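Okay, structure first, notes after.
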Amino acid sequence: MFKHKDLLGIRELSAQEINFLLDTAVPMKEIMKRPIKKVPTLRGKTVVNLFYENSTRTRGSFELAAKYLSADSVNMSGSSSSVSKGESLYDTGCTLQSLGADVIVLRHPMAGAPGLLSRRVKAAVINAGDGAHEHPTQALLDMFTVRERKGLIEGLRVAIVGDILHSRVARSNIWGFTKLGAEVRLCGPPTLMPPGMEKTGARVFYRMDEALAGVDVIVMLRIQRERQQQGLFPGLREYSRLYGLNRRRLELAGRDALVLHPGPMNRGVEITEELAGCPQAAIQEQVTNGVAVRMALLYLMTGGGAQSETDH
């Protein structure tokens, strides 16, 4: 069972809880295949998507997940709320709770913001990405995609390549895949590799050819162009030459290695145009699976599980 009031990160979850969430997402994905993608499971519940950073996939995914379960969903951004007038996150959370929010989905540039909010409100808080800390629902949909394609995660070799330093996706995936028994390899430029990553249980590589040798899953991370001005790597062309995924490098991985990318992709930088759409890439499947995983999460965090309404 999943008994947490909030989802703040993957690190706090057990392997059993992760598997339970993934199992719950399976029937949710079946709902998405129906002619009418709607069940009354969360009728009367209100989900507020509070995003202080821009997002297409995550916010749209949460909004659709709520609507497919018949919850009322409201989208708010920092620029269009009273935050622009100086309102604190705590006061915004209290206001949303007073308006009847049952779940607050929060994306915030400050690491730890969802945890701060969760201690002040009774509504369930879901971390949709906080600074360079964690992005738990992205990791869950990645694990769901891998399990769906590969059958199981235990024993797989997973390479995460790119800007590890600034990636909340990388951190959540490290915790998630290691908890489920996979070997995790991290690869990126030394300037984009935080010190002490070996303490997470992951293996660290600086040469991509070595990192990809025999792996079953490759997770390519977006290179954050806004960080380039800080001089952390010479330029996009040089980065692509050393750490971009191309056909030759994919052939170094295990047979039928799965390619993932959280998006948005910088095509031709982290990954070639050819590989972005190849059969081994599950990038669009990740988007679909993200809705199913978030449906499962909303269902469980609003008291679901006592009886199933997904068959109605």
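Keep in mind the model is a prediction, meaning the values are calculated, not measured.
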Is a side-chain donor or acceptor of [X] paired with a backbone partner of [Y] at a separation under 3.5 angstrom?
X    : Y    : result
N266 : V269 : no
N127 : L8   : yes
T200 : M197 : yes
R11  : R171 : no
S240 : G244 : no
R222 : G263 : no
D216 : L156 : no
R168 : G131 : yes
Q97  : A123 : yes
K5   : S118 : yes

Open item on the list: Under the side-chain contact (heavy atoms from CB on, under 4.5 Å) test against K45, which residue among L298, T302, L69 passes?
Closed with: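 Checked L298, T302, L69 against K45; only one passes side-chain contact (heavy atoms from CB on, under 4.5 Å): T302.
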Are [X] and [Y] close enough that some pair of their side-chain heavy atoms sits under 4.5 Å apart?
X    : Y    : value
V291 : Y68  : yes
L7   : M301 : yes
S172 : Q138 : no
E17  : H4   : yes
L260 : L258 : yes
E134 : I10  : yes
L117 : P114 : no
V161 : M208 : yes

Hey, quick one: are [X] and [Y] part of the same hydrophobic cluster, counting side-chain heavy atoms closer than 4.5 Å, chains of contacts allowed?
X    : Y    : value
V125 : L116 : no
L221 : M193 : yes
F20  : M28  : yes
M110 : I126 : no
L50  : Y90  : no

Task: NZ/NE/NH1/NH2 to OD/OE distance under 4.0 Å, E251 and R249 - done: no
Can a side-chain donor-acceptor contact be found between [Y] and [X] if the only test is distance below 3.5 angstrom?
X    : Y    : value
Q280 : D256 : no
H261 : E270 : yes
Q286 : T145 : no
H135 : R107 : yes
T272 : R247 : no

[atom1]/[X]: more than 12 non-hydrogen atoms of other groups inside 6.0 Å:
X    : atom1 : result
L99  : CG    : yes
K122 : NZ    : no
R248 : CZ    : yes
E30  : CD    : yes
K67  : NZ    : no
R149 : CZ    : yes

Heavy-atom pair of closest approach, residues [X] and [Y]:
X    : Y    : answer
A66  : S73  : CB-CB, 3.9 Å
P109 : Y52  : CD-CB, 3.7 Å
A276 : M265 : CB-SD, 4.0 Å
G44  : D102 : O-OD2, 4.1 Å
T288 : M32  : O-CE, 3.6 Å
G188 : Y206 : O-CD2, 3.3 Å

Open item on the list: Applying side chain to side chain contact (heavy atoms under 4.5 Å, CB included) to L180 and I18, what does each step give before you reach the verdict?
Closed with: CA-CA 8 Å; L180 296 188; I18 293 172; 3.9 Å; yes
- [ ] Please test T58 against F51 for side chain to side chain contact (heavy atoms under 4.5 Å, CB included), starting from the C-alpha separation and ending with a verdict.
- [x] CA-CA 10 Å; T58 303; F51 278 59; 4.1 Å; yes
Task: Candidate pair R267 and E273, rule salt bridge (Lys or Arg N to Asp or Glu O under 4.0 Å), full reasoning - done: CA-CA 6 Å; R267 294 173 184 260; E273 184 78 31; 3.1 Å; yes
[atom2] on [Y] to [atom1] on [X], rounded to 0.5 Å:
X    : Y    : atom1 : atom2 : answer
T137 : D142 : OG1   : CG    : 9.5 Å
S167 : L192 : OG    : CG    : 10.5 Å
I218 : I160 : CD1   : CD1   : 12.0 Å
M143 : N19  : CE    : CG    : 8.5 Å
N289 : R294 : CG    : CZ    : 10.5 Å
L250 : L275 : CG    : CG    : 5.5 Å

Open item on the list: Does V217 form a side chain to side chain contact (heavy atoms under 4.5 Å, CB included) with V219? I'd like the steps, not just the answer.
Closed with: CA-CA 7 Å; V217 181; V219 181; 4.2 Å; yes
- [ ] Test V48 against M76 for side chain to side chain contact (heavy atoms under 4.5 Å, CB included), laying out the working first.
- [x] CA-CA 7 Å; V48 177; M76 297 182 64; 4.0 Å; yes
Open item on the list: Does anything in residues 234-256 form a ring-ring contact (aromatic ring centres under 6.0 Å, His included)? List the pairs, not counting sequence neighbours.
Closed with: F233-Y239, Y239-Y243
Task: Pair E148-K29, salt bridge (Lys or Arg N to Asp or Glu O under 4.0 Å): steps then yes or no - done: CA-CA 11 Å; E148 191 175 56; K29 190 170 181 178; 2.9 Å; yes
Open item on the list: Applying salt bridge (Lys or Arg N to Asp or Glu O under 4.0 Å) to D23 and R147, what does each step give before you reach the verdict?
Closed with: CA-CA 10 Å; D23 290 342; R147 199 177 74 164; 2.9 Å; yes
